[in-house]
K.L.:
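Next up is a structure, given as structure tokens.
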Amino acid sequence: MKFDSSRPIYRQIIDSYKKQLIRGELKMGDKILSQREYAEQARINPNTVQRAYREMEALQMVETQRGQGTFIIATEPMLTEIKLEMARDVLEYFIGEMKSLGYTYAQIISMLKEEEKKQGGGF
Amino acid sequence: MIEFKEVSKRFGSTLALDKLDANFPTGKIIGLFGPNGAGKSTSIKMIAGLNRPDQGQVLIDGELPRMSKAQIAYLPEIDHLYPWMTIGQAAGFTRSFYVDWDNDKYHELLKYLNLNAEMKIGKISKGQRAKTKLLLTVARRAPYLLMDEPLSGIDILTREEIINTLVRDYREGEQTIIISTHEIAEVESLVDEVFFIDQGKIMLSGSAEEFRVERGQSLVEIMKEAFRHVDQ
């Protein structure tokens with residue numbers, strides 16, 4: 001995994017797990033890399049990985065069982081929540097960028113509609 | 001914890017350290033960043049007990065550096081190994097000085113780094129010599145690991161091997177690693193705490209992740225900004 005060095009790395013670790021959950025690449029009960037394995041594969045500070053895993057435990061995305069490893073415990077409602085939260089982030093970023101280019105909501109909406117037509121209505 | 005209290009050091013007409021104050025916390029990987037001649041090597045050598053402050057004090061867990069040599073594994077910037085020795089002989093030499101030498105780890109690392117005990121230090125490549133220096137430093141189970149420019153002048157693949165080794169063997173929470181380098185991009189995701197040093201003073205210090213949260217900048221960008229400010 002490639003990290004953006006201008007954003008906190010522990011958050012990027014959490015986000016990458018969230019994305020894998022949303023895409024269904026990880027499911028309830030799946031075992032994820034140990035902190036050490038993660039640090040070695042990504043070549044990042046083990047303390048940073050520890051921080052990310054602790055936060056994911058606090059969010060109840062994962063659970064670490066002594067001597068067993070770390071497992072996904074995220075439930076369906078949580079996934080919906082995570083997805084919505086990530087969508088809001090993307091939206092906020094998009095609107096911010098468009099605003100900084102001088103577009104109004106009305107203009108943004110009409111551009112989106114045009115884009116929808118171009119794409120043949122929906123994804 | 002390693003404390004620098006108003007430490008000054010002069011070499012001839014050059015003021016290498018200028019009332020430098022810093023606290024390097026225990027259990028972290030610490031980056032000591034700055035341009036050439038900023039005072040990085042002088043600081044590291046002082047922790048290793050290889051030079052002494054003219055004024056001020058350096059304390060390692062409350063003790064003077066010369067009392068703490070057993071706690072410190074030091075990787076110097078220069079080629080300090082005897083060229084006529086094999087890697088195995090250099091290991092035996094190091095082992096005879098330090099009780100914390102871990103021979104199993106030495107053998108494991110030797111293999112991991114694709115080195116061989118029979119190799120003669122004078123005949124191996126620069127990258128292999130850099131790996132040998134790393135091997136001999138990391139095979140000790142010292143609580144403090146000081147690395148002075150461990151990546152400079154080394155090819156990218158060897159750099160990766162060196163960083164892999166550090167991550168792999170790092171003992172979270174208990175071991176403190178101080179890495180001095182002017183090549184920050186290589187260690188962006190490796191360091192917990194950073195100290196930017198210039199003209200013998202700490203210009204800026206803090207947690208790498210907090211810098212990213214607060215400034216949305218990489219350490220390279222922060223360093224460029226910090227030192228541009230100095231020039232004005």
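By convention in this document, chain letters (A, B, ...) are assigned in the order of the sequence lines, proteins followed by strands, and residues within each chain are numbered from 1.
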K.L.:
Taking side chain as everything from C-beta outward and backbone as N, CA, C, O, which of these in A:R7 sits under 4.5 Å from a heavy atom of chain B? Side chain, backbone, both or neither.
P.N.:
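Backbone only.
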K.L.:
Give the member of B:R168, B:E188, B:K28, B:E210 that has the highest number of heavy-atom pairs under 4.5 Å with chain A.
P.N.:
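Answer, by heavy-atom pair count under 4.5 Å with chain A: B:R168.
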K.L.:
Check B:S189 against A:R43 and note the closest heavy-atom contact, atom names and distance.
P.N.:
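Looking at all heavy atoms of both residues, the shortest contact is OG-O, 3.5 Å.
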K.L.:
Report which part of B:V191 has an atom under 4.5 Å of a heavy atom belonging to chain A: side chain, backbone, both, or neither.
P.N.:
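The answer is the backbone of B:V191.
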K.L.:
Does a donor on one side chain sit under 3.5 Å from an acceptor on the other, for A:T48 and B:E209?
P.N.:
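Note: A:T48 and B:E209 side chains miss the donor-acceptor criterion.
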K.L.:
Under 3.5 Å, side chain of B:R159 to main-chain N/O of B:I154, donor-acceptor pair present?
P.N.:
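Indeed, once roles are kept as given, a pair shorter than 3.5 Å links the two residues.
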K.L.:
Is it the side chain or the backbone of A:Y10 that comes within 4.5 Å of chain B heavy atoms, both, or neither?
P.N.:
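Both parts, heavy atoms under 4.5 Å.
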K.L.:
Donor-acceptor pair, distance only, cut-off 3.5 Å: does the side chain of B:D148 make one with the backbone of B:L75?
P.N.:
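The answer is no, because no donor-acceptor pair under 3.5 Å joins these two groups.
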K.L.:
Counting only heavy atoms closer than 4.5 Å, note whether B:E221 contacts chain A via side chain, backbone, both or neither.
P.N.:
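When you check distances to chain A, only side chain atoms of B:E221 fall under 4.5 Å.
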K.L.:
Restricting to non-hydrogen atoms, name the atom on A:M56 and the atom on A:I32 that form the minimum distance, rounded to 0.1 Å.
P.N.:
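The answer is CE-CD1, 4.4 Å.
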